[in-house]
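Each chain gets a letter, A, B and so on, in the order its sequence line appears, and its residues count up from 1. Just so you know, these numbers come straight off a predicted model, no measurement behind them.
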Amino acid sequence: MLRISLYELYHTLLDIYGYQNWWPVDEHYHKSRGTDPRDEIIIGTILTQGTAWKNVEKALENIKKEGELSLRFIRKTNHEELAKLIKPSGFYKAKAERLKRVANFFNPTDVVRKVSREELLKIKGVGKESADAILLYAGDKLTFVVDAYTIRLFKRLYNIEGDYDRLKALIEDSIPRDITIYKEFHALIDTHAKMYCKSTPRCGECFLKDFCISAIQSF
DNA sequence: CCCCAGGGACATT
DNA sequence: AATGTCCATGGG
């Protein structure tokens, strides 16, 4: 028996924070250069692994400044140069290799809409969250993205334990099967987790405390 | 100084 | 199947 249904949670977060419009891309950049904005989403997905988005933005700016924010640029740039450009995003040597593998996978381009989750998961460096993020935000495929914030919020709010696929299935079965709602809900969860349901939560100020199991007990 | 951030691979138990 | 460790920069 949930104190607040998942769909009510979605609407509550939407009322408070408004539309997040994820995934953020520089539309003007891609329009003026003829590059694919989906490339930016795929690149950002790898760069943000275990890393604050602020640091990813620095890396993306470096790529724009010194090269081109596209998968073809990733393919033609050597490892050392690529690693140097993405250094601010951390884990840069591993991420340079992951970017190369993903960029080569999406060659020829425009297969992102047809690719399956299983195929993406075969790429070393692409786990469940990255695969789902690419599918949902770059491929407009109806699949929900679970991340560390989702697991933390749902554990506290509902006492639902992690396990990626179980949580993913639960959410997909609890809200309307709509691409925009999937995109927004995931983004809203992250926004709320960053502002209130942080590593050390600010339960006293949180507007969800009356619905939250953890807040009542200990915070 | 500490902890944490839009994860994932790999080793250990 | 769970848990630990490493990868690494930058901000609070």
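Atom CZ of A:Arg101 has more than 12 neighbouring heavy atoms from other residues, nucleotides or ligands inside a 6.0 Å radius. Applying the 6.0 Å contact sphere to NZ of A:Lys168 captures more than 12 heavy atoms from other residues, nucleotides or ligands.
The separation between A:Ile46 atom CD1 and B:dG8 atom P is 8 Å, rounded to whole Å. Across the protein-nucleic acid pair, A:Asp165 atom CG and C:dA2 atom P stand 12 Å apart, rounded to whole Å. The CH2 atom of A:Trp53 sits 17 Å away from the C1' atom of C:dG11 (whole-angstrom rounding). Distance A:Ile189 CD1 to B:dA5 C1': 17 Å, rounded to the nearest Å. Atom C1' of nucleotide C:dA1 and atom OH of A:Tyr164 are separated by 19 Å, given to the nearest angstrom. Distance NZ (A:Lys198) to P (B:dC4): 11 Å, rounded to an integer number of Å. When rounded to the nearest whole Å, the span between NZ of A:Lys194 and P of C:dG11 equals 15 Å. A:Leu153 places its CG atom 13 Å from the P atom of B:dA5, with the value rounded to the nearest Å.
Comparing B:dG8, B:dC10, C:dG10 against the side chain of A:Asn55 picks out C:dG10 as the nearest.
Counting only Watson-Crick and G-U wobble pairs whose two distances sit under 3.5 Å, DNA chain C takes part in these stems of three or more pairs: B:2-5 with C:9-12, B:7-13 with C:1-7.
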Inset, instruction - Carefully, step by step, assess A:Asp15 and A:Thr12 under the rule side chain to side chain donor-acceptor pair (under 3.5 Å). - result: CA-CA 5 Å; A:Asp15 288 343; A:Thr12 302; 5.7 Å; no

Legend entry - Working for ring pair (Phe, Tyr, Trp, His ring centres under 6.0 Å), residues A:His11 and A:Phe185: CA-CA 9 Å; A:His11 281 294; A:Phe185 194 26; 9.6 Å; no

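Along DNA chain C, the nucleotide nearest A:Thr51 and the nucleotide nearest A:Lys58 are compared for position; the residue whose nucleotide lies closer to the 5' end is A:Thr51. Judged by closest nucleotide on DNA chain B, A:Ala52 is the one of A:Gly125 and A:Ala52 placed further toward the 5' end. Positionally, the nearest nucleotide of DNA chain B for A:Trp22 lies more toward the 5' end than for the other of A:Trp22 and A:Lys124.
Salt-bridge annotation for A:Lys64 and A:Glu68: absent, with no side-chain N of the basic residue lying under 4.0 Å from a carboxylate O of the acidic one.
Taking the centre and axis of the six-membered ring of A:Tyr92, the NZ or CZ atom of A:Lys84 falls outside the cone set by 45° and 6.0 Å. Under a cutoff of 6.0 Å and an axis angle of 45°, A:Arg202 and A:Tyr196 form a cation-pi pair.
Side-chain nitrogen and oxygen atoms of A:Arg152 include at least one within less than 4.0 Å of the OP1 or OP2 phosphate oxygen of B:dA5. Not one side-chain nitrogen or oxygen of A:Ser130 sits closer than 4.0 Å to the OP1 or OP2 atom of B:dG7.
Against DNA chain B, the stretch residues 78-96 of chain A makes heavy-atom approaches under 4.0 Å through A:Phe91.
Residues A:Glu97 and A:His79 bring no donor and acceptor atom of their side chains to less than 3.5 Å of each other. For the residue pair A:Thr143 / A:Asp132, a side-chain donor-acceptor distance below 3.5 Å is found, with atom types taken as modelled. For the 3.5 Å distance criterion, the side chains of A:Lys155 and A:Asn159 qualify, holding a donor opposite an acceptor.
Across the P atoms, C:dG10 and B:dG8 are found 22 Å apart, a figure rounded to whole Å.
Using a 4.0 Å heavy-atom criterion, one finds that A:Val145 contacts no nucleic acid atom at all.
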